[in-house]
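Here the structure is a predicted model, which is why all the values come from computation and not from measurement. Side chains included, hydrogens not; waters and symmetry mates left out as well; all remaining heavy atoms used.
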Amino acid sequence: MEKKYFLTIDRGQSEIKAAFYTVNAEVVCLESRRCQPIRSLKLGWAEQDMELMWEQAAAAVRELFCKSGISPEEVAAVSFSGQGGGNFLVSQDGEAVYPGVLSMDSRHEEVMDHSETQKEAEIPRTAAFMLWLKEKEPEVFKKVRWILGSKDWIRYRLTGKANADMSDPPAPVDLDTGEYLTKCLETAGIAECITMLPPLVYASEICGAVTEEAAELTGLAAGTPVAAGAHDMIACSIGSGGNKKGHLAVIMGTLGINIAVLDAAARLPAVQVPGESFLFGGITREIKTVTTSIGSGCNTMNWLLDLMFSGEEQEAKEKGVSVFELLETRLAEKKESSIVFQPYLLGTFYNSSARAGILGMTSHTTKEDILLALFQGICITMCIEIRRLEVRTQKFREIWMTGGGSQSNIWGQMFADVLKRPVHIGKDRETGCRGAAICAGVALGYYTLQDGFPEPVREKTYYPREEKAAWYEEQLKLYQEAYDMSVDFWNRQKEL
């Protein structure tokens with residue numbers, strides 16, 4: 001039977017999606033399931049049961065087969081995208097030895113704060129958590145054979161093989177040699193973790209096949225090739241056309257993330273502030289990516305909607321439309337807001353002291369005024385990061401917006417106005433799943449990043465309006481000044 005489809009599994013912390021794509025990365029059918037609630041036994045902890053994660057993934061795949069009518073023999077390969085930065089720990093016999101620790105977990109800060117040597121080691125939070133585990137739960141630490149990511153755990157259950165990909169490794173990697181940089185682990189006192197690091201592959205490499213046991217649980221055919229897949233950010237980048245330098249993906253999701261694509265040989269100046277940007281491997285050795293984030297994107301928007309617009313959320317649900325669509329009709333006649341809304345509800349990756357704030361309200365301010373100000377605040381602060389990223393990397397020739405917030409016409413037009421360039425929205429909004437499918441296509445040789453690459457189909461493009469350029473230019477300066485003036489206050493507030 002002809003192999004016509006790729007099965008992609010996109011593992012997020014709140015939802016898991018399984019989808020069938022054609023070998024040309026066109027979506028055929030998608031099934032999603034809510035993930036288990038995040039468990040927080042103590043302040044700052046964020047865990048999910050690993051076995052339940054696997055069961056939910058397997059169930060989503062089974063339901064997808066039923067929904068689509070596609071047979072297991074038509075599946076050419078399986079691939080993944082998944083939330084990065086967590087710790088999913090596996091024993092020698094393949095069992096979970098601890099609950100899955102999500103990237104939002106803050107236990108790593110406990111051990112990194114009390115040692116100057118450990119601070120200087122600059123180890124990522126994935127490895128820093130292992131230091132916490134060694135100190136707090138040494139018996140569990142001794143049982144660990146592999147440190148995996150969320151998608152790596154599901155792939156491990158499918159194939160019985162442990163791997164990490166270059167876009168989401170559990171320890172620093174030399175992107176030129178493709179090898180782990182382990183000195184920081186030794187410096188931090190967790191040299192034992194060196195043997196826990198799984199073999200590295202690129203996201204677009206085949207690294208195993210579906211086992212008989214996994215086939216029985218998922219409905220897949222045993223022996224189906226399995227590609228490594230990518231960190232969900234990198235999958236979104238490649239899924240929105242990020243196959244060469246000069247591409248920028250703006251992910252309007254939980255955190256508000258910008259991803260620039262570079263040639264693998266590109267050399268970048270050092271960051272001025274730790275956490276200002278992050279370097280990741282691409283899906284092949286030909287490219288790499290640099291990301292920035294304000295740390296608070298749609299999560300801040302959702303917080304405001306829950307706080308002030310719960311009635312509108314219910315109304316939108318009853319009408320079968322998105323809450324964005326409903327509220328944007330109310331904002332359509334409003335002019336730009338002079339209110340400054342600092343959206344740092346959860347701090348930023350380079351300043352954990354940063355906080356959300358609203359400047360410039362009067363007695364005439366309405367909740368719609370505050371909502372419009374938040375739209376502006378998220379957009380403008382993200383564009384400040386984009387400008388910094390562009391100075392550090394290169395001029396962006398093409399800008400695509402994806403994520404749940406890409407449904408917003410206000411944001412689409414606003415980003416085009418602030419950046420003074422067209423902003424494209426793809427027809428396939430599930431760019432993480434699409435990126436995973438492309439990883440499988442490259443892995444099996446259907447195309448390369450240069451030849452036959454399946455470009456995304458544009459649903460719409462927002463073009464900049466010249467009459468808005470001067471106003472937004474002033475807002476960029478105003479927001480930067482407001483941030484700079486707030487830093488000392490935030491730091492003092494944190495100490496109280």
Check the pair Tyr479 / Phe341 against ring-ring contact (aromatic ring centres under 6.0 Å, His included), numbers first and verdict last.
-> CA-CA 9 Å; Tyr479 268 80; Phe341 198 127; 9.2 Å; no
Does a sphere of radius 6.0 Å around CZ in Arg285 hold more than 12 heavy atoms from other residues, nucleotides or ligands, not counting ones at 6.0 Å or beyond?
-> no
Separation of Gln83 CD from Thr254 OG1 (nearest 0.5 Å) | 8.5 Å
Side-chain heavy atoms of Cys383 within contact of Leu419, under 4.5 Å = yes
Which distance, rounded to the nearest 0.5 Å, do you find between the CD1 of Ile380 and the CG of Leu478?
-> 8.5 Å
Would you say the side chain of Thr284 lies within less than 4.5 Å of the side chain of Met166, judging by non-hydrogen atoms?
-> no
Can you list the steps and then say if Tyr483 with Tyr344 is a ring-ring contact (aromatic ring centres under 6.0 Å, His included)?
-> CA-CA 10 Å; Tyr483 178 89; Tyr344 311 114; 5.6 Å; yes
Rounding to 0.5 Å, atoms CG (Leu389) and OG1 (Thr291) come to a distance of 8.0 Å
Strictly by modelled atom types, are Tyr202 and Glu286 linked by a side-chain donor-acceptor pair under 3.5 Å?
-> no
Carboxylate-amine/guanidinium contact Glu137 Arg107, below 4.0 Å = no
Report the distance from atom CG of Asn302 to atom CG of Leu345, rounding to the nearest 0.5 Å.
-> 10.5 Å
Check: Pro199 main-chain N/O paired with Asn163 side-chain donor or acceptor under 3.5 Å | yes
Glu192 and Lys143 ion-paired at < 4.0 Å = no
side-chain hydrogen bond (donor to acceptor under 3.5 Å, both in side chains) between Ser486 and Gln342, intermediate numbers included | CA-CA 10 Å; Ser486 299; Gln342 297 171 301; 3.2 Å; yes
Return the minimal non-hydrogen interatomic distance between Ala46 and Asp105, and the atom names on each side.
-> N-OD2, 2.7 Å
Closest approach of Ile283 and Ala230, non-hydrogen atoms and distance?
-> CG2-CB, 4.4 Å
Can you see which heavy atom on Ser81 is nearest to which on Ala436, and at what distance?
-> N-CB, 4.0 Å
Could you list the donor-acceptor pairs under 3.5 angstrom formed between side-chain atoms of residues 233-240 and any protein atom two or more places apart in sequence or on another chain?
| residue | atom | partner | partner atom | Å |
| --- | --- | --- | --- | --- |
| Ser240 | OG | Cys236 | O | 2.9 |
| Ser240 | OG | Ser237 | O | 3.1 |

Please say whether the positively charged group of Arg39, taken as NZ for Lys or CZ for Arg, lies over the ring of Trp45, i.e. under 6.0 angstrom from the six-membered ring centre and within 45 degrees of the axis.
-> no
Any side-chain heavy-atom pair from Phe396 and Glu390 closer than 4.5 angstrom?
-> yes
Could you list the donor-acceptor pairs under 3.5 angstrom formed between side-chain atoms of residues 177-184 and any protein atom two or more places apart in sequence or on another chain?
| residue | atom | partner | partner atom | Å |
| --- | --- | --- | --- | --- |
| Thr177 | OG1 | Glu179 | N | 3.4 |
| Tyr180 | OH | Pro198 | O | 2.7 |

Nearest heavy atoms of Val418 and Cys379, plus distance in Å = CG2-SG, 4.0 Å
Applied to residues 343-356, the salt bridge (Lys or Arg N to Asp or Glu O under 4.0 Å) test, sequence neighbours excluded, yields none
Answer yes or no: is there an ion pair linking Arg392 with Glu276, defined by an N-O contact shorter than 4.0 Å?
-> no
Side chain Arg155, main chain Ala228, donor-acceptor under 3.5 Å | yes
Should Glu15 and Ser32 be marked as a side-chain hydrogen bond (donor to acceptor under 3.5 Å, both in side chains) after you check the CA-CA gap, both sets of side-chain angles, and the distance that decides it?
-> CA-CA 7 Å; Glu15 193 173 32; Ser32 66; 3.2 Å; yes
If you look only at pairs with a residue in residues 429-456, which of them pass as a salt bridge (Lys or Arg N to Asp or Glu O under 4.0 Å), with sequence neighbours excluded?
-> Lys17-Glu430, Lys244-Glu455, Arg429-Glu459
Kindly indicate whether the side chain of Leu248, heavy atoms from C-beta on, has any atom under 4.5 Å from the side chain of Ile259.
-> no
Residue pair Leu374 / Pro343, side-chain heavy-atom distance below 4.5 Å = yes
Would you call Glu47 and Lys42 a salt bridge, taking side-chain N to carboxylate O under 4.0 Å as the test?
-> no
Which atom pair, heavy atoms only, marks the closest approach of Gln13 to Cys35?
-> O-CB, 3.6 Å
Taking atom CD of Glu481 and atom NZ of Lys477, what is their separation to the nearest 0.5 Å?
-> 8.5 Å
Phe80: which of Ile154, Asp10, Thr8 passes side chain to side chain contact (heavy atoms under 4.5 Å, CB included) | Ile154
Could you give me the CA-CA distance, side-chain angles and deciding distance for Gln480 and Asp484, then say whether side-chain hydrogen bond (donor to acceptor under 3.5 Å, both in side chains) is met?
-> CA-CA 6 Å; Gln480 185 62 60; Asp484 293 341; 3.0 Å; yes
Evaluation steps, side-chain hydrogen bond (donor to acceptor under 3.5 Å, both in side chains), between Asn243 and Tyr447 | CA-CA 12 Å; Asn243 63 320; Tyr447 34 77; over 6 Å; no
Check whether any side-chain heavy atom of Pro99 lies under 4.5 Å from a side-chain heavy atom of Gln48, and answer yes or no.
-> no
Could you tell me whether the side chain of Ser296 and the main chain of Leu346 form a donor-acceptor pair under 3.5 Å?
-> yes
Heavy-atom side-chain proximity of Trp400 to Arg458 below 4.5 angstrom | yes
Chi angles and distances behind the side-chain contact (heavy atoms from CB on, under 4.5 Å) call for Tyr98, Leu133 = CA-CA 10 Å; Tyr98 202 75; Leu133 193 69; 4.1 Å; yes
Rounding to 0.5 Å, atoms OG1 (Thr381) and CD (Gln475) come to a distance of 12.0 Å
Mind jotting down which residue pairs meet the salt bridge (Lys or Arg N to Asp or Glu O under 4.0 Å) criterion with at least one end in residues 257-270? Sequence neighbours excluded, please.
-> Asp176-Arg267, Lys245-Asp263
Counterpart residues, side chain to side chain donor-acceptor pair (under 3.5 Å), relative to Thr292 (two or more places apart) = Asn258
ring-ring contact (aromatic ring centres under 6.0 Å, His included) between Phe280 and His231, intermediate numbers included = CA-CA 9 Å; Phe280 292 87; His231 190 302; 5.5 Å; yes
Verify, without hydrogens or angle tests, whether Asn299 (side chain) and Gly297 (backbone) share a donor-acceptor contact under 3.5 angstrom.
-> yes
Hey, is Lys161 close enough to Glu205 for a salt bridge, meaning N to O under 4.0 Å?
-> no
Could you give me the CA-CA distance, side-chain angles and deciding distance for Thr126 and Ile147, then say whether side-chain contact (heavy atoms from CB on, under 4.5 Å) is met?
-> CA-CA 9 Å; Thr126 304; Ile147 305 171; 4.1 Å; yes
Considering only NZ, NE, NH1 and NH2 on the basic side and carboxylate oxygens on the acidic side, decide whether Lys420 and Glu473 come within less than 4.0 Å.
-> yes
Using atom types as modelled and distance alone, determine if a side-chain donor or acceptor of Arg421 lies under 3.5 Å from a backbone N or O of Ala416.
-> no
Heavy atoms, side chains only, cut-off 4.5 Å: are Ile358 and Val340 in contact?
-> no
